[in-house]
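Report on the following structure.
Heavy-atom basis, side chains included; hydrogens, waters and symmetry copies ignored.
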Number of protein chains: 2
Amino acid sequence: MNSAFTIAVHSLVFLASLPDRMASSEEIANQVFTHPARVRKIMSCLRNEGYVKTKEGIGGGYIFECEPGAVTLGNIYRSISCNALKLHWCSNEASETCLVSTHIQDVMNHIFNEAENHFIAYLDHITIESILHKIKVKQVF
Amino acid sequence: MNSAFTIAVHSLVFLASLPDRMASSEEIANQVFTHPARVRKIMSCLRNEGYVKTKEGIGGGYIFECEPGAVTLGNIYRSISCNALKLHWCSNEASETCLVSTHIQDVMNHIFNEAENHFIAYLDHITIESILHKIKVKQVF
DNA sequence: GATTACTGTAATAATAAAGGACACAGTTTA
DNA sequence: TAAACTGTGTCCTTTATTATTACAGTAATC
């Protein structure tokens, strides 16, 4: 799993802490310790899903489009990292002589899909707002 | 997630299909489409956990040590890939001025741990034997 | 309408991770 | 002693990820 998911979550939590003004990609990047261009790319994705509103030009930037309580980590995962868990390892040269080799691919794909669903189901229980709240009360689990 | 987990599962399913003799790393590598040295490395790990028995020298190789029905994919995941889901992205230069940045790391670590637990809990429902069985009856889900 | 401060996005470069290949010591059998 | 194995470390290539740069497009402000 790459870090795009974490950056997205961190950015959104940051935005949720600033409900009344826009934040520029540079400001977010400083918080998240990455580069403004990367932030913009990731935020583009979140904008397509309707989670943030963006504005170009002077005074522009990013702001939450909907209620932080309505956005789950599952939502973010699905828009940013879906299939990140799936194995990239793949070989189609399977010798047709062996039943195990020819079918294992299907079996593993199915298992990874299901396992990822369980992963996402857990993430769906967590909202951006709940993370912000936990941080605010300094009661970090 | 790297492919070591998949290679381990495939190898074990293959071994489960040969309960009465040892298979060499070369034979397994042919099935799994990787290199004998990589198979040996991964099998070493599985041997440490007691899932396979190994034997050096002529006629040596690998064979199942326990019942294929007793080994779950969760077992394999824990021995081969634990923490594969965890984010590697990490920055300790968090500016102490911002509450979000300073605590987000703890929060995300906790979330990834829990999410991985859900992932593993699903894998614990699947045994090597059940995979072999599904393949044998050609009823691949 | 020119300037400034932004986003959007692509291209390239640098870095990190994964996997393959090889080597060789150690072990067991014959 | 030779042959067929495992165990393990190291190097090299490939691939994936991330950083960096660049620049066109847009909106506000002077």
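Side-chain N/O atoms of R40(B) and base N/O atoms of dG7(D) include a donor-acceptor pair closer than 3.5 Å.
Remark: E56(B) pairs with no residue by the side chain to side chain donor-acceptor pair (under 3.5 Å) rule, at least two apart or across chains. By the side chain to side chain donor-acceptor pair (under 3.5 Å) test, T54(B) pairs with no residue at all, sequence neighbours left out. For F64(B), the ring-ring contact (aromatic ring centres under 6.0 Å, His included) test picks out no residue, with sequence neighbours left out. In this structure S11(A) satisfies the side chain to side chain donor-acceptor pair (under 3.5 Å) test with no other residue, sequence neighbours excluded.
You'll find that the side chain of S25(B) is closest to dT6(D), out of dT6(D), dT18(D), dG19(C). When the nucleotides dT9(C), dT6(D), dT18(D) are ranked by their closest atom to the side chain of S24(B), dT6(D) comes out on top. Taking the side chain of K41(B) as heavy atoms from C-beta on, and the options dA10(C), dG8(C), dT10(D), the nearest nucleotide is dT10(D).
The stretch residues 51-64 of chain A touches DNA chain D through K55(A), E56(A), G57(A), I58(A), each having a heavy atom under 4.0 angstrom from the strand.
At dG20(C), one or more side-chain N or O atoms of T34(B) fall inside 4.0 Å of OP1 or OP2 (strictly under the cut-off). Here R38(B) does not reach the OP1 or OP2 of dG9(D): none of its side-chain N or O atoms lies under 4.0 Å away.
Within the 4.5 Å cutoff, the side chain of F5(B) has no heavy atoms near those of the H10(B) side chain.
As a whole-Å value, the separation of I42(A) CD1 from dA19(D) C1' is 12 Å. When the P atom of dA19(D) is taken as reference, atom CG of N30(A) falls 13 Å away, rounded to whole Å. Going from atom CE of M22(A) over to atom P of dA28(D) covers 10 Å, rounded to whole Å. What separates CD of E26(A) from P of dT21(D) is a distance of 13 Å, to the nearest Å. The interatomic distance linking F5(B) (CZ) with dG19(C) (P) rounds to 14 Å, in whole Å. Separating the CD1 atom of I28(B) from the P atom of dT6(D) is a distance of 8 Å, rounded to the nearest angstrom.
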Practice problem: Assess whether side chain to side chain donor-acceptor pair (under 3.5 Å) is satisfied between Y77(B) and E116(B), documenting all intermediate values. | Solution: CA-CA 11 Å; Y77(B) 181 87; E116(B) 185 180 51; 2.7 Å; yes

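Hydrophobic clustering, defined by side-chain heavy atoms of Ile, Leu, Val, Met, Phe, Trp and Tyr closer than 4.5 Å, groups M22(A) together with I63(A).
Heavy-atom nearest nucleotides on DNA chain C were determined for S44(A) and for A37(B), and the one closer to the 5' end corresponds to S44(A).
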